[in-house]
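First the structure, in the form of structure tokens, and then the observations on it.
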Amino acid sequence: MATIGNNNINAKLVLLGDMGAGKSSLVLRFVKGQFLEFQESTIGAAFFSQTLALNDATVKFEIWDTAGQERYHSLAPMYYRGAAAAIIVYDITSKDSFEKAKKWVLELQKQGNPSMVTALAGNKADLEDKRKVTLEEARAYADENGLFFMETSAKTAVNVNDIFYEIARRLPRAQPAQNPAGMVLSNTPAEQSKASACCS
Amino acid sequence: MQETDLHDLSDDPDYTALQHQDSMSNSSSKSVRMCDSSKSEIVYSKENVAVHPSQYASERISGRLCIIKQGSSFFLTWIPYKAMPNLVDSTGRKSNSNVSDNDRNLYTIRPVPLSDIHSIRRHIPALGWQYIIIVLSSGLAFAPLYFYNGGVREFLATLKQHVFVVRSADDPNVFLLNDFQDPLQKSLSSLELPRVLSVANGTPKQGSPNEVSSIYDSMRIDGITASGTSSAFEYRGRHRRKTHDPTHDLSIHVMEKFSLVTKFAREATTQLFGEFHEIHELLHDRKQKDSSPLDAVVVSQPNDTQSKADNIVATSDSTELDKLSLVWGKPRQPPLNHEEWETFLDSEGRVMNSKALIKRIFYGGLEHELRKEVWKFLLGYYEYESTYAEREYLESVMKLDYETIKSQWKSISEVQAKRFTKFRERKSLIDKDVVRTDRSVPYFEGDDNPNVIVLRDILLTYSFYNFDLGYCQGMSDLLSPILFVMRDEYEAFWSFVALMERLGPNFNRDQSGMHSQLFALSKLVELLDHSLHNYFRQADCLNYFFCFRWILIQFKREFEYEKTMHLWEVLWTHHLSEHFHLYICIAILKSHKKKIMEEQMDFDTLLKFINGLSNQIDLDSVIRDAEALCVCAGGNGAACIPPGTPPSCPVDLDAGLYDQQDDEIL
């Protein structure tokens with residue numbers, strides 16, 4: 001995929017959400033294509049990077065994966081400060097995790113960069129039979145708060161790349177090239193051309 | 001759908017840099033204004049406020065705490081009194097004989113703008129001295145300041161007159177400064193990565209030294225610094241008076257030279273090690289101008305290696321020297337086995353020479369079969385002086401005690417649980433973590449593994465035993481090897497309790513236990529590797545958060561299971577230092593120093609790199625390097641570590657140990 005020099009973007013992205021919602025699993029699926037049934041908890045924070053190619057640009061995501069427990073909440077600003085994008089993750093089988101997600105949204109609205117692209121991810125979408133948060137409820141909340149929303153499954157990979165692509169498309173494009181190096185994902189989701197057309 | 005503004009450049013690096021410049025110029029214009037209004041006044045002053053560098057009364061440093069007003073800005077400062085060499089205490093010795101000017105300089109708080117202070121935690125124990133801990137926005141904290149004459153409340157009241165102070169919603173003893181957030185935000189610390197530099201060298205960031213230096217100078221109590229204000233900011237005193245002086249950091253030069261010598265004289269390692277401490281101390285007392293570090297090397301090294309070493313030393317710079325590993329820690333020994341263990345016990349089972357035992361374990365660790373028994377001594381669950389019979393009795397008591405505590409949550413019915421949110425939430429936290437703790441270790445492998453349930457039960461019981469602390473992510477990592485070794489629920493529980501007596505503060509909600517360790521780490525790196533320290537400083541990495549995981553769970557994620565157990569028993573001996581884990585951190589950082597500096601890693605890259613070292617670290621060599629670093633640092637190293645830094649016991653044991661609210665309430 002050809003990219004034009006001025007359209008290479010570096011974007012800091014932070015993952016927030018309740019513990020066990022699947023933040024690390026989402027990143028590992030996106031960055032390494034892996035899934036571990038018992039992904040260990042994140043202590044402190046982890047950092048990953050991954051580059052995506054769009055039609056007109058490449059976006060290098062610098063991804064901060066954070067510890068989910070409330071106890072470590074005070075460290076979170078260190079990681080979301082200056083972020084261009086955030087994915088707030090909840091677990092569709094846990095009402096509590098959805099409530100925690102709302103608190104993160106509120107916090108980012110107050111603390112974060114106003115132009116931050118914020119996505120809401122309802123993870124573990126493969127566990128339909130254990131669902132506690134309905135699609136409609138989450139979508140309504142996302143619409144009210146100007147978030148874009150997807151249900152994802154790190155386990156089956158459903159919508160995982162898509163959510164990152166969608167964020168990439170929504171990032172402001174006026175940045176000059178900083179660091180075009182990096183690997184390019186080859187599997188682009190089907191809806192990409194449609195969505196990017198509507199944004200460009 | 002929300003479309004972001006195309007003209008918003010706030011995530012553009014250049015734009016951000018521009019903004020940064022803006023803010024820099026703002027602050028410099030602020031300083032100009034401040035210089036114009038040259039009047040400064042002391043708005044608060046408190047005598048007999050002290051720092052306790054160690055548990056020894058002779059090492060306490062008293063001083064004066066002040067708030068200075070300069071223009072419209074306020075600064076806080078603490079200045080130690082000058083040592084009084086004529087003062088002789090009742091035992092006939094000079095009092096404070098252990099406190100050097102260097103120590104005084106180390107702890108001196110140069111004027112810090114109140115705007116750089118994030119929070120102040122106060123401790124007002126029923127017995128003993130009140131003290132405060134000042135935490136800066138960077139996340140680092142100063143050593144506790146003890147108010148010998150009381151007055152913490154008055155201090156806070158004065159502070160409130162000059163700066164916005166609000167009590168933390170999470171902890172009534174924490175006062176947040178400059179916190180204009182809504183209640184949801186009150187638990188957030190405003191840790192800002194770019195603002196870190198000021199702390200570890202005690203220098204306020206925003207040009208303030210100049211502005212307040214005049215009043216600071218006039219206030220300085222005679223003789224703290226040898227030569228004026230500039231050296232006041234070089235806490236190592238005479239060794240670091242000039243940072244550009246190639247011999248400024250004598251200790252590290254000596255270390256680097258030694259690493260070189262020992263490369264050519266590995267067989268002499270042990271001998272060198274034995275001599276090293278003496279020479280280091282010798283050097284320390286000599287004036288730098290008439291000694292070269294090389295002299296020391298010549299003195300101590302075996303004759304046959306002298307010329308080779310001279311050559312290399314003469315042609316290498318210090319970065320190149322770092323390629324060579326530090327190899328003078330004693331060679332590791334085979335693990336202690338059953339037969340040898342028996343020789344440490346008398347006929348009734350008492351450990352006859354616990355010091356020798358500790359040293360033996362430090363240098364070799366334990367054979368796995370011995371761990372179940374010997375870990376209990378190392379953790380303080382057993383006393384070294386206890387007999388077989390006493391331990392047997394203790395076990396029977398502990399077993400019953402455990403059942404009692406466990407029954408507290410076991411007896412909670414479903415109906416009751418519905419009305420007990422904290423219990424449900426806590427249980428849910430633990431349930432989420434135990435199923436993902438060490439599941440690749442055969443002991444915890446597979447579906448419906450009963451050991452996972454035991455892990456869960458112990459953690460839940462612990463969260464009732466220590467309800468204030470509760471459960472926190474990372475605890476399951478600490479418990480897992482203990483359960484694996486003990487293979488018994490109640491024994492694992494009490495061993496875990498004993499470990500948490502030391503490491504519990506790692507999980508404090510205000511992160512105070514972690515902050516104090518990261519602060520000590522930054523001080524130690526400054527002492528032991530000045531160029532690495534300078535690198536971290538210019539890379540805005542002095543908060544050392546990239547070492548957070550190492551410290552929080554004692555390197556559990558960095559080594560294979562067996563190696564972790566080996567490292568833990570070494571750490572638990574507390575041989576050489578209670579804080580040997582910090583020297584382990586430095587040894588690992590030093591071994592990758594060249595890569596870190598050459599690749600100019602920033603915080604992100606550094607964190608990624610450090611996390612990626614998992615299972616790549618050679619434990620034996622790291623322990624040996626850490627040993628060498630620890631011996632080299634000696635008393636100066638110990639003085640870098642504030643009292644009460646985990647795993648040391650908390651300073652006030654009479655108050656609630658974990659005075660914090662539950663997690664689940666935001």
Side-chain angles (χ1 to χ4, degrees), chain A residues 9-12 18-20 36-49 62 64 67-78 81-85 94 96 100 103 106-107 110-111 113-118 143 145-148 170-176 178-179 198-199, chain B residues 1-16 139 181-182 184-185 187-193 425 428-429 432-433 435-440 470 472-474 476-477 507-511 543 545-549 552-553 556-557 604-605 607-608 611 662-666:
Chain A
I9 302 171
N10 280 357
K12 177 176 167 183
D18 196 12
M19 65 182 265
L36 291 171
E37 191 67 42
F38 300 115
Q39 174 63 40
E40 61 188 5
S41 62
T42 303
I43 301 289
F47 179 78
F48 303 87
S49 53
E62 290 162 344
W64 286 95
Q69 192 182 359
E70 210 50 65
R71 189 77 54 109
Y72 297 114
H73 193 120
S74 66
L75 302 178
M78 201 162 76
R81 181 169 291 117
S94 157
D96 281 349
K100 290 266 163 63
K103 284 179 177 161
L106 213 62
E107 177 166 341
K110 294 201 166 134
Q111 293 300 306
N113 163 8
S115 66
M116 188 187 279
V117 178
T118 310
D143 287 347
N145 288 276
L147 313 166
F148 94 83
R170 288 165 184 251
L171 290 169
R173 285 300 162 74
Q175 306 179 27
Q178 288 298 311
N179 186 2
C198 82
C199 292
Chain B
M1 287 290 185
Q2 194 185 44
E3 201 54 62
T4 42
D5 184 353
L6 284 173
H7 300 290
D8 189 299
L9 300 177
S10 50
D11 50 354
D12 181 313
D14 287 344
Y15 179 78
T16 315
Q181 326 282 0
D182 72 317
L184 177 74
Q185 296 312 316
S187 65
L188 297 175
S189 78
S190 55
L191 300 172
E192 278 183 44
L193 292 178
E425 286 178 345
S428 141
L429 294 177
K432 278 181 195 165
D433 272 358
V435 295
R436 50 182 176 155
T437 301
D438 292 320
R439 297 304 296 280
S440 58
C472 190
Q473 284 197 307
S476 67
D477 279 279
F507 300 101
N508 281 353
R509 194 185 165 89
D510 64 359
Q511 304 292 329
N543 65 11
F545 268 103
F546 48 87
C547 296
F548 190 89
R549 186 173 82 186
L552 188 84
I553 51 172
K556 162 71 166 42
R557 300 272 180 96
D604 302 6
T605 321
L607 185 101
K608 190 177 178 182
N611 282 358
D662 218 23
D663 264 348
E664 292 72 36
I665 296 154
L666 200 73

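If you're wondering where the values come from, they're calculated on a predicted model, not measured in any experiment.
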Start with the C-alpha distance between B:R439 and A:L36, add both sets of side-chain angles, then the distance that settles side-chain contact (heavy atoms from CB on, under 4.5 Å), and finish with yes or no. CA-CA 11 Å; B:R439 297 304 296 280; A:L36 291 171; over 6 Å; no

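B:D604 places none of its side-chain heavy atoms less than 4.5 Å from the side chain of A:K12. A:S41 is listed as a side-chain neighbour of B:R557, based on a closest heavy-atom distance under 4.5 Å. Using a 4.5 Å heavy-atom cutoff, the side chains of A:D18 and B:K432 are in contact. With contacts defined as side-chain heavy-atom distances shorter than 4.5 Å, the pair B:C472/A:Y72 qualifies.
Atom CZ of A:R71 sits about 8.5 Å away from atom CD of B:Q511, to the nearest 0.5 Å. We find the CD1-CD1 distance between A:I43 and B:I553 to be 4.5 Å, quoted to the nearest 0.5 Å. The CD atom of A:E70 lies 9.5 Å from the CD atom of B:E425; values are rounded to the nearest 0.5 Å. Atoms CD and CG, from A:Q69 and B:L429 in turn, are 5.5 Å apart once rounded to the nearest 0.5 Å. To the nearest 0.5 Å, the span separating CZ on B:R436 from CE on A:M19 amounts to 5.5 Å. To the nearest 0.5 Å, atoms CG (A:L75) and CZ (B:F548) are separated by 5.0 Å.
For chain B, the nearby parts of A:E40 are the backbone and the side chain; heavy atoms of each come within less than 4.5 Å. When heavy atoms are compared at a cutoff of 4.5 Å, B:R549 approaches chain A by way of both its backbone and its side chain. If you measure heavy-atom distances from A:T42 to chain B, the contacts under 4.5 Å come from the backbone alone.
For A:D96, there are no salt bridge (charged side-chain N to carboxylate O under 4.0 Å, His left out) partners at least two apart in sequence or on another chain. B:Q473 is linked by a side chain to side chain donor-acceptor pair (under 3.5 Å) to B:D433, counting only residues two or more places apart in sequence or in another chain.
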